[in-house]
Every structure is written in C-alpha cells, then in structure tokens.
Protein chains: 2
Amino acid sequence: MPKKTAGAAAKPTSKSGAKPAEDGAVAARPRRERRSVRREAALTAAFRIAEQEGAAGLSMRRVAQELSVDVTALYRVFRDKDELLLALCERVIESELAELGDVPDDEPWQDTLRRIAATIWESQLRFPAITVLTFARITGGPAERRMVELLVDAFARSGLPRDRVVLFYRAFVDSVLGLCAHSAVLGSLDPEVREKDDTTWSRVYAHLPETDHPATRAHIAELTAVTQKSIYDTAVEALLTATERAAAGEGAGGAG
Amino acid sequence: MPKKTAGAAAKPTSKSGAKPAEDGAVAARPRRERRSVRREAALTAAFRIAEQEGAAGLSMRRVAQELSVDVTALYRVFRDKDELLLALCERVIESELAELGDVPDDEPWQDTLRRIAATIWESQLRFPAITVLTFARITGGPAERRMVELLVDAFARSGLPRDRVVLFYRAFVDSVLGLCAHSAVLGSLDPEVREKDDTTWSRVYAHLPETDHPATRAHIAELTAVTQKSIYDTAVEALLTATERAAAGEGAGGAG
DNA sequence: AAGAAATGACAACACCGTTGACAACAGTGT
DNA sequence: ACACTGTTGTCAACGGTGTTGTCATTTCTT
C-alpha cells in the first residue's frame, strides 16, 4: 500500500508557504501567476479527459501527458490525486453556481431548491466521471461554502426550527448527491459493463417464472420504461413536500 | 487500459460448461464441489479483507494471498474482479434477506419498507467497503431478484397504479442505496482522509465570517451535531409519506 | 553576480488487473 | 495400463496506476 506519510503532513514548506498571505510581496506575484495558470490548465485538461474517457481514464499520467509534461511536475501543483479531484469538484460547483445565478429575495424556497436540484442534475449529466469520483467528498472550498449557504438559507426560509432545518437540508443534499452519483455510475461505466447492467433488467427479470416473482413480473413493462430523471424528480419532490408539511406542522403547533 | 475481449465472452468452453445442468453425471460432482468450496472460501476471505482493510485493500492479489494461493488461480473461479464484486453484493443481499425473515401477509407495506430500509442500513454499516464498491450495480442474481420482488410487492400493496408503483419503488431504492453509499464512503475512507473530511466542517465552516455565510453560521451547531442515521431516516420517511399521499390521491380521485 | 526558491525530468518503488504458457492432477474411455 | 480430457494451480510477464527521491534547470530575490 502506498502509505502516505501523515507525519510529513506537517510539511516543512508550510512555513514559507503560509507567508504569501501578506499582500506586501508584490514582486512575488509573477511566480504565483505562472503556477496558477498551470493549475488552471491542468484542471481543464482533467475535465476534458474525464468527459471523453471516463473515470477510469482520468489518471495523473494521462493529465500530465495532455499537458506535455512529466507526471511528477503535476505533483508540484497538486499534492496528490485527491487534491486534484477535490479541485475538480470545486470547479463543478462553481459552474453550478454560475448557472444558478442570483437567488431573488422573493423566490419561494421550494423553487430555489428545485432550481438547485435541476442544476446539480445537469452538471452530473455533463461530467458523470467527476460526480462519481468526488461523490460524498467535502472540498471546503469557497464554491462549496457558497452552495451550502444557499441551501441552508433556503431551508431556513421554510420557517422550521434550526435542528429540523439541518435535518431536512442534509436529507435533501445527501439524497440529491446520492441519486446523481447513482445515475452517474450508470453513465460512466465502461460501455461493456454498462450494457451488461442495462440489459440485465430485460434479460433476467423479463424471464422470471410468474410463480416466484409475481409482483416483479406484473410490473416488468413499467420497470424497463422508467427514466432516471423521473426517479430523481420524484425523490426531490417527496423531500420538498416532507419539508413543507413539517414546516406547517411546526409552525402551527410548536416553538420557533 | 486492460481491455476485455468481449468477443471471447462467447467462450468456447460454454458449450461443455452448460452441460452440468443434467444431473445424470454423478461422477462429475466432486469437481464441482471442490470448485464451489473454493468460491465460498474466496468470498469469505474477500469479506474479511473488505471489513478489515477497506475498499482499497480489497484486491485480487490480496484475496489470493489470504487463501495461500496464486492470484491467477482466482481467475479460474471468477472471470474478473467485477464478477467477484457482484458475488459479494449478492451475498450481502442474501444476508439482508435472512435478517429480514418472512414478510407477514398482514404487515402494512410501510412497515415492510421500513424494515427493509433498516436492514440495508445495518449491512451498510457492517460492510461499507462492499457497499461503496457495488453501489449502483445490478447482480441479476437470485437474492437480488427476491429483494426486488419484496420491494415491488410492498409498493404494489399501496394501491397505486403500476407506473406510479415503479416510480416510487425506484425513488425509494435509489435513494436508500445512494444514502447508504454516501454514508459508506465516509465510513470506508482512509482514516487520514476520513478525518480530513470529518473535521472540515468544524475547521472551515465554524470560522466563516458572518457577513458572507449568515445562514450557515446560524446553524453551525446543528450542522455538526446531526447524525447520518437521522438523515437516512428522515429521507426514508419522506419517501414513504409521499407514496402514501400519492396512493390516497389516486385512490380517491382517479383510475384503478 | 550569488544564493535561494521554484519547477521540471529521470528513474524507481510497490502496487494493481489481467493474460498466456506450462505442469500436476482427476476421472474416463479403450 | 494407457492415452485423453478437463480442471486447477504456478511462473512469468504486460501495461497500467499513485507516489517518492534525486538531480538539474530555470526563475526570482538580494
């Protein structure tokens, strides 16, 4: 196992690396800019690879090759692959925020959440590989923080008490991300495996003896016809309705 | 990429391999038994490895080593790693079915679904590595078929029309599996990364300037306190309630 | 110009999934 | 007893992965 030397995480370079926070060093800028450009280039290259060759094709060597650079040079910019993945995730959230635009003050919180859910779904469709690779990870970056703020604010507008706000907020985001990841896995599998899974329904389940699996057999047509998006929408609406009902109940009955 | 020769999937040995279905060949049994035993042993070994060393530690070589056998011998039993993973997934579903027991005829469909959701959650807790590895895959095996039958039957008992049955059924299973996978990822990460992600909330989000992220800041205590299980239960109940309401609506207003 | 810092490239390590060629063994038909 | 066949296991190897150490080169600071 390529064990990461956690002890070295208190990296000796961190002391000098922490310094650029002071804005006085104007002359230090050009270097930073160059490195930043490399970082951007690496990310866009990684995006293109992930889009075209799927999650399996997104390797450090492949990204470096796309930049006509040695692999190890990439490790000067990203400490490890995980950092690159989180940066990609951060970028996806940025694009989602851009597509989302501003949230009008008078927009109902349900509509805000519907728009967010739709936007996340679309970016999952665009970059399934990145969705599946960064599923359930936390970047801690500014874009993610902004997205969290939008979501928590929307749920807070429902009027629920704080503990219920975070409960429904987490149920919402975790479900949304889980469903997107589910769909993304299906969309980013090797074509061969993908076909295998896809046709499993019709191959296996269509030929079940009626005696053993009557319910499945009775719904086989609908099972093969249902779409991922309709499933997603159903789950999202269920969570919104549950939040609405909880808000109505708490608002009528209890404390603020 | 180690491309799989899909053409060879129509393997020439399949003709002779299909024969053992005939029970007349009694002498051929010992061979099958030996192989079956090896298969079982490999699966239990894989389970132990997955449980103790996580998803990253579960490799073909590692399983073979656990059996004191060369790696390539494993490839006589499992065509590739994917087949081993699907077999593991099947086994997990089997254990879930066993823990689930029989479904009483008079059990309300909501309770059936609650019991299933609880069982899936528990097995996710036990084997997070396998959950994350087989997330969103279809085994097509008997255990999975039985589980599908139980779920579809439960939703059918709600009285919804067939297309709505499969819609809510899929929304339910996909959400449940997605949420379990979400939690399993958190539970099966490298301890180092896991801690990084875990503490991100308190590290990053606790120090946000109030002006930029007021809603997040206002809910920081609740955000760090909420548990994965309570999130899971909230989502499950939301989906059940949505199904109930849909059933009530359809039953009162519309077609049968 | 001298020194320090950043950056890139080469080689290498320890893994991974997978395949092909070959040897040992079981049981079968002659 | 013999060759034949099918199963199971071992050895070596291929191409791939993430990652590190070492060294040279460029770039910036002083």
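Quick note on labels: first sequence line is chain A, next is B, and so on, each numbered from 1. Not measured: the values here are computed from a predicted model. Just the heavy atoms: all of them, side chains too, but no hydrogens, waters or symmetry mates, feed the values below.
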Between [atom2] on [N] and [atom1] on [X], what's the gap in Å once rounded to a whole number?
X      : N      : atom1 : atom2 : answer
B:L85  : C:dG17 : CG    : P     : 9 Å
A:K81  : D:dT20 : NZ    : C1'   : 17 Å
B:L84  : C:dC16 : CG    : P     : 14 Å
A:R38  : D:dT27 : CZ    : P     : 12 Å
B:R39  : D:dT7  : CZ    : P     : 15 Å
B:L133 : C:dC16 : CG    : P     : 14 Å
A:R79  : D:dG18 : CZ    : C1'   : 14 Å
A:Q65  : C:dA9  : CD    : C1'   : 16 Å

Between B:E96 and B:T119, do the side chains contain an N or O donor and an N or O acceptor separated by less than 3.5 Å?
no
Please answer whether the main-chain N or O of B:A41 pairs with a side-chain N or O of B:T44 as donor and acceptor at a distance below 3.5 Å.
yes
For B:T227, does its backbone N or O pair with a side-chain atom of B:Y232 as donor and acceptor, under 3.5 Å?
no
Once the angle between the rings of B:F135 and A:F135 is folded into 0 to 90°, is it parallel (under 30°), tilted (30 to 60°) or perpendicular (over 60°)?
parallel
Mind jotting down which residue pairs meet the side-chain hydrogen bond (donor to acceptor under 3.5 Å, both in side chains) criterion with at least one end in residues 125-134 of chain A? Sequence neighbours excluded, please.
A:E99-A:R126
For residues 67-78 of chain B, which residues have at least one heavy atom under 4.0 Å from DNA chain C?
B:V71, B:T72, B:Y75, B:R76
Does D:dG15 have its OP1 or OP2 closer than 4.0 Å to a side-chain nitrogen or oxygen of A:R61?
no
Could you give the side-chain donor-acceptor pairs of residues 54-67 of chain B under 3.5 Å, partners two or more places apart or in another chain?
unit_1, atom_1, unit_2, atom_2, d
B:S59, OG, B:R62, N, 3.1
B:R62, NE, B:E53, OE1, 3.2
B:R62, NE, B:E53, OE2, 3.2
B:R62, NH1, B:E66, OE1, 2.8
B:R62, NH2, B:E53, OE2, 2.7
B:R62, NH2, B:E66, OE1, 3.3
B:E66, OE2, B:R48, NE, 3.4
B:E66, OE2, B:R48, NH2, 2.8

